[in-house]
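Everything numeric here is computed off the predicted structure, so don't read it as measured data. One is the number of the first residue; the rest follow in order along the sequence.
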Amino acid sequence: MAACTVYSTQSLRTNISIPTSSKTNVGFHQKQVLFFTTNKSHNNRRTNSNKRYLITCGAGDSQTIVIGLAADSGCGKSTFMRRLTSVFGGAAEPPKDAPELIKPPKILVIEGLHPMYDSRVRELLDFSIYLDISNEVKFAWKIQRDMAERGHSLESIKASIEARKPDFEAYIDPQKQFADAVIEVLPTQLIPDDNEGKILRVRLIQKEGVKYFSPVYLFDEGSTISWIPCGRKLTCSYPGIKFFYGPETYKGNEVSVVEMDGQFDRLDELIYVESHLSNLSSKFYGEVTQQMLKHADFPGSNNGTGLFQTIVGLKIRDLFEQIVASRAETPVGAAKA
């Protein structure tokens, strides 16, 4: 059985408490997924900014993979985890702050520990994702939520955002340069000077050369394409939908980017878009559309955030299966040699 241990480097002899067991090792059992999360709040900078974590994993289990998930607060980590769990056949419920075991396979998802900040942790990751919400969109979302729904003043909202900036810039934002996939959420370019944040431009940034991961592409791999799919097969109200695909350089890395600007009117018509995307790692034709319809009430299900979160979930499932198959072919002793 494989095991992972989480240490605080403030005192490597003191392990982080794991409520589900008196032991410090987090075990993986047959057909289980363990989501390890910590408190997502980082309001107390003096307390939290000095903490670092070290995670070590044993090699006894060939069917365990480790995924890193990083994002700022309120950027969709819980929704992504629900979509990922659903792809693996589990109940699409948000993870808790304590370890949570759900079925079926064995994946340790590290989120809330700044999983890509420490190089020692990065070395343990089989794959990593960063959810990147632009400042403009975060501000628009927070205005909508805190002013319209909670009655907060504009000044208090701005003060809250400014208070979070030092921690975000020091510990969270630098992680995206190490991510294998980044889901970037930006203001739309379909409406000039839009500041409402309701229509979004979302980019799936995929690092090239990652083992067991083949980037998704639109129409023709390696080309540069702009596509407006609206018409007989895809209903689009104002301002429409526009896709882009092409190679880019991101944070010094060669990447492939698939971009969607706009939102869907009818999710059942998503099958038309899905049919033009390749390397989706789906099990059957229409699986992406099925997953999106299944969770139509999740945030972002009518735009690129839900679409790309679902696709990344399928890619992680495929990566898991490839890694497990590869390890089964290579004995542990031979791998170490």
(message) Less than 4.5 Å apart, side chain to side chain, heavy atoms only: is that true for Thr310 and Lys294?
(response) no
(message) What I'd like to find out is whether the side chain of Ile316 reaches to under 4.5 Å of the side chain of Phe88, using heavy atoms alone.
(response) yes
(message) Between Phe213 and Phe127, is the ring centroid distance below 6.0 Å?
(response) yes
(request) Return the minimal non-hydrogen interatomic distance between Leu204 and Val312, and the atom names on each side. (result) CD1-CG2, 3.7 Å
(message) If the threshold is 4.0 Å, N to carboxylate O, is there a salt bridge linking Asp261 and Lys242?
(response) no
(message) Contact between Val87 and Thr85 at the side-chain level, heavy atoms closer than 4.5 Å - yes or no?
(response) no
(message) Could you go through Ile241 and Ile228, starting from their C-alpha distance and side-chain angles, then the distance that decides it, and tell me whether this counts as side-chain contact (heavy atoms from CB on, under 4.5 Å)?
(response) CA-CA 6 Å; Ile241 295 176; Ile228 297 176; over 6 Å; no
(request) Give the minimum heavy-atom separation between Asp265 and Cys236, together with the two atoms involved. (result) OD2-C, 3.5 Å
(message) To check you understand the geometry: which heavy-atom pair defines the closest contact between Asn303 and Gln263, and what is its length?
(response) CB-CB, 4.2 Å
(message) Taking the ring centre of each residue, are Trp227 and Tyr217 less than 6.0 Å apart?
(response) no
(request) Starting from the C-alpha separation in whole Å, work towards a yes-or-no answer on salt bridge (charged side-chain N to carboxylate O under 4.0 Å, His left out) for Asp126 and Lys211. (result) CA-CA 9 Å; Asp126 293 296; Lys211 193 173 183 181; over 6 Å; no
(request) Treat each ILVMFWY residue as a node, draw an edge where side-chain heavy atoms are under 4.5 Å apart, and state whether Val258 and Phe219 are in one component. (result) yes
(message) Do Lys138 and Phe168 form a cation-pi contact, if we require the NZ or CZ to be under 6.0 Å from the six-membered ring centre and within 45 degrees of the ring's axis?
(response) yes
(message) To check you understand the geometry: which heavy-atom pair defines the closest contact between Leu293 and Asp268, and what is its length?
(response) CD2-N, 3.8 Å
(request) Nearest 0.5 Å please: distance from the CD atom of Glu254 over to the CD atom of Glu208. (result) 8.0 Å
(request) Would you mind checking if Glu155 and Lys158 are paired as a salt bridge, meaning a charged N to carboxylate O distance below 4.0 Å? (result) no
(message) Quick one: does any side-chain atom of Ser128 pair with a main-chain N or O of Asp180 as donor and acceptor, under 3.5 Å?
(response) yes
(request) For residues Arg83 and Phe298, determine if any side-chain heavy atom of one lies less than 4.5 Å from a side-chain heavy atom of the other. (result) yes
(request) Answer yes or no: is there a donor N or O on one side and an acceptor on the other, between the side chain of Gln322 and the main chain of Tyr212, under 3.5 Å? (result) yes
(message) Closer than 3.5 angstrom, by distance alone: can the side chain of Tyr285 be matched with the main-chain N or O of Ser275 as a donor-acceptor pair?
(response) no
(request) To the nearest 0.5 angstrom, please state how far the NZ atom of Lys207 sits from the CD1 atom of Ile205. (result) 11.5 Å
(message) Is the shortest side-chain heavy-atom distance between Thr224 and Pro247 below 4.5 Å?
(response) yes
(message) When you compare the side chain of Gln309 with that of Thr79, does any pair of heavy atoms fall below 4.5 Å?
(response) yes
(message) Ignoring hydrogens, what is the shortest heavy-atom contact between Gly313 and Leu84? Give both atom names and the distance.
(response) CA-CD1, 3.9 Å
(request) Please determine if Glu287 and Arg317 form a salt bridge, counting it only when a charged side-chain N lies under 4.0 Å from a carboxylate O. (result) yes
(request) Going by the side chain to side chain contact (heavy atoms under 4.5 Å, CB included) test, name the single residue among Asn279, Leu280, Leu319 that passes it with Ser214. (result) Asn279
(request) Could you tell me whether a side-chain N or O of Glu274 sits under 3.5 Å from a main-chain N or O of Thr289, the two making a donor and an acceptor? (result) yes
(request) Measure the acute angle between the ring planes of Tyr272 and His276, then classify it against the limits of 30° and 60° as parallel, tilted or perpendicular. (result) perpendicular
(message) I'd like to know if the side chain of Thr235 pairs up with that of Glu269 as donor and acceptor (distance under 3.5 Å, no hydrogens or angles considered).
(response) yes
(message) Please check: side-chain N/O of Asp194 versus main-chain N/O of Thr188, any donor-acceptor pairing under 3.5 Å?
(response) no
(message) Using modelled atom types and a 3.5 Å cut-off, is there a donor and acceptor pairing between side-chain atoms of Gln206 and backbone atoms of Ala181?
(response) no
(request) Flag the pair Met260 / Phe308 as yes when at least one side-chain heavy-atom distance between them is below 4.5 Å, and no otherwise. (result) yes
(request) Would you name the heavy atoms of Ser153 and Ser156 that are closest together and state the gap between them? (result) O-OG, 2.8 Å
(message) Hydrophobic cluster membership, with links at side-chain heavy-atom distances under 4.5 Å among I/L/V/M/F/W/Y: are Phe244 and Ile191 in one?
(response) no
(message) If only side-chain N and O atoms count, and only distance matters, is there a donor-acceptor pair under 3.5 Å linking Gln291 with Ser86?
(response) yes
(message) Whether the side chain of Ser281 engages the backbone of Leu314 through a donor-acceptor N/O pair (distance < 3.5 Å, no angle test) should be reported.
(response) no
(request) First locate atom CD of Glu221, then atom OG of Ser256, and finally report the distance between them rounded to the nearest 0.5 Å. (result) 7.0 Å
(message) Closer than 3.5 angstrom, by distance alone: can the side chain of Asn302 be matched with the main-chain N or O of Phe264 as a donor-acceptor pair?
(response) no
(request) Please answer: with hydrophobic residues joined when any side-chain heavy atoms are less than 4.5 Å apart, are Val210 and Ile67 in the same cluster? (result) yes
(request) Group every Ile, Leu, Val, Met, Phe, Trp and Tyr by side-chain heavy-atom contacts under 4.5 Å, then state whether Ile323 and Phe320 land in the same group. (result) yes
(message) Nearest 0.5 Å, please: how far is CG in Leu125 from CG in Leu69?
(response) 10.5 Å
(request) Give, for atom NZ of Lys283 and atom CD of Gln290, the distance between the pair rounded to the nearest 0.5 Å. (result) 13.5 Å
(request) Following the transitive rule for hydrophobic clusters with a side-chain heavy-atom cut-off under 4.5 Å over Ile, Leu, Val, Met, Phe, Trp and Tyr, establish whether Leu277 and Leu267 coincide in one cluster. (result) yes
(message) Between Asp297 and Arg82, does any side-chain N to carboxylate O distance fall below 4.0 Å?
(response) no
(message) Against Asp132, only a single residue in Lys176, Arg203, Lys251 fulfils salt bridge (Lys or Arg N to Asp or Glu O under 4.0 Å); can you say which?
(response) Lys176
(request) With the side chain counted from C-beta on, respond yes when Val257 and Tyr245 share a heavy-atom pair under 4.5 Å apart, and no when they do not. (result) no
